[in-house]
Chemist: 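Below is a structure I'd like to ask you about.
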Amino acid sequence: MKQDIPAALELREVSRSYRQGETQLDIFRNLSLTLFAGEIVALVGQSGSGKSSLLHIAGLLERPTSGEVFVSGRNCSELDDRKRTRIRRFSIGFVYQFHHLLPEFTALENVMMPQLIAGSGKSAAKERAKELLTRLGLASRIDHRPAELSGGEQQRVAIARALANRPAVLLADEPTGNLDPRTAEQVHSEFLHLINDEGLCALIASHNLELARSMHRVVHLADGQLVEEPARS
């Protein structure tokens, strides 16, 4: 049963606040969320609701004002920056709205890069990169640089790069938000299939409710609180 298995990602009573002069601005307070391996959860909310901040906290890029973050059952809240960086490198993948590919490298080299940084051998990194790019329909484009790829192709490369090190957790911030609707739907479908195949958990921020409802669960971030959308019958 799920409760006997450590969650892939767990946020416990997480809050994020900022100081503006003498005023404290609360972005969200006491949020809790649990994701298990194989779950794909959509995070929706209006612009400025705190979705990106929540993803940054979940991905150990920011520290919460209060609360705890667990990755694969490990409490990361009190770890030093070196240990948090190591967990990000091996256990967490990120996809952003803008692909942030390295322009001087090919698609293949962009996907190899995080593996080489993590200590993989060149041959193994190349095979993993080829596998992922092929599964995303880019077998004929692996030697092209980002400027030679369409927007949808560039985002597919970014997705492959995020999955390259076989993370336990994938975090995505509007991963198809910069694409036209038709391309966004296609990339989104391929993205979900690949996540399912890899068996990891994913938290995906999206402003598109139609795409969000194709995921396993939908949670709404509004007025500093998380509310889960009722399951569809």
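The figures here come from the full heavy-atom set of this structure, side chains too, leaving out hydrogens, waters and symmetry mates. What you see is a predicted model, and the numbers here were worked out from it, not measured in a lab.
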Chemist: With a 4.5 Å cut-off on side-chain heavy atoms, are V157 and V111 touching?
Modeler: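 They are in contact (side-chain heavy atoms under 4.5 Å apart), so the answer is yes.
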Chemist: Residues in salt bridge (Lys or Arg N to Asp or Glu O under 4.0 Å) with E174, at least two apart?
Modeler: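 E174 satisfies salt bridge (Lys or Arg N to Asp or Glu O under 4.0 Å) with no other residue.
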Chemist: Does R12 qualify as a cation-pi partner of F70, given the criterion of NZ or CZ under 6.0 Å from the six-membered ring centre and within 45 degrees of its axis?
Modeler: yes
Chemist: Could you walk me through whether D26 and Q24 pass the side chain to side chain donor-acceptor pair (under 3.5 Å) test, one step at a time?
Modeler: CA-CA 6 Å; D26 293 326; Q24 178 173 294; 2.9 Å; yes
Chemist: Atom CG in L31, atom CD in E13: separation rounded to 0.5 Å?
Modeler: 8.5 Å
Chemist: What residue among L211, I195, L170, V41 forms side chain to side chain contact (heavy atoms under 4.5 Å, CB included) with I204?
Modeler: I195
Chemist: For residues N75 and S77, is any side-chain donor paired with an opposing acceptor at under 3.5 Å?
Modeler: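 There is such a pair between these side chains.
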Chemist: How long is the straight-line distance from CD of E228 back to CZ of R217, given to the nearest 0.5 Å?
Modeler: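 Nearest 0.5 Å value for the CZ-CD distance: 4.5 Å.
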Chemist: Please check: side-chain N/O of N208 versus main-chain N/O of E210, any donor-acceptor pairing under 3.5 Å?
Modeler: yes
Chemist: How many angstroms lie between CZ in R84 and CD1 in I92, if you round to the nearest 0.5 Å?
Modeler: 8.5 Å
Chemist: Please tell me if the side chains of K83 and E78 come closer than 4.5 Å, counting only heavy atoms from C-beta onward.
Modeler: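 A side-chain contact under 4.5 Å is absent here.
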Chemist: Report yes if some heavy atom in the side chain of H188 is under 4.5 Å from a heavy atom in the side chain of M215; otherwise report no.
Modeler: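 Sidechains of M215 and H188: in contact.
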Chemist: Just wondering, do T106 and I142 contact through their side chains at under 4.5 Å, heavy atoms?
Modeler: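 Of all side-chain heavy-atom pairs linking T106 with I142, none is under 4.5 Å.
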Chemist: Sequence neighbours excluded, which residues qualify as side-chain contact (heavy atoms from CB on, under 4.5 Å) partners of S150?
Modeler: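 In terms of side-chain contact (heavy atoms from CB on, under 4.5 Å), with neighbours along the sequence ignored, S150 is linked to E153.
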Chemist: Would you check, one step at a time, whether the test side chain to side chain contact (heavy atoms under 4.5 Å, CB included) holds for H216 with N196?
Modeler: CA-CA 11 Å; H216 298 140; N196 276 317; 3.8 Å; yes
Chemist: Is any side-chain heavy atom of S91 closer than 4.5 Å to a side-chain heavy atom of V71?
Modeler: yes
Chemist: Is it true that L171 and L60 fall in one hydrophobic cluster, defined by side-chain heavy atoms closer than 4.5 Å?
Modeler: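 Result: yes, single cluster for both.
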Chemist: Fit a plane to each ring of H100 and Y96, take the angle between them on a 0 to 90° scale, and name the class: parallel (under 30°), tilted (30 to 60°) or perpendicular (over 60°).
Modeler: perpendicular
Chemist: Do side-chain atoms of N165 reach the backbone of F90 as a donor and acceptor pair under 3.5 angstrom?
Modeler: no
Chemist: SG of C76 to CD1 of I87: how many Å apart, nearest 0.5 Å?
Modeler: 3.5 Å
Chemist: When you compare the side chain of E198 with that of L132, does any pair of heavy atoms fall below 4.5 Å?
Modeler: yes
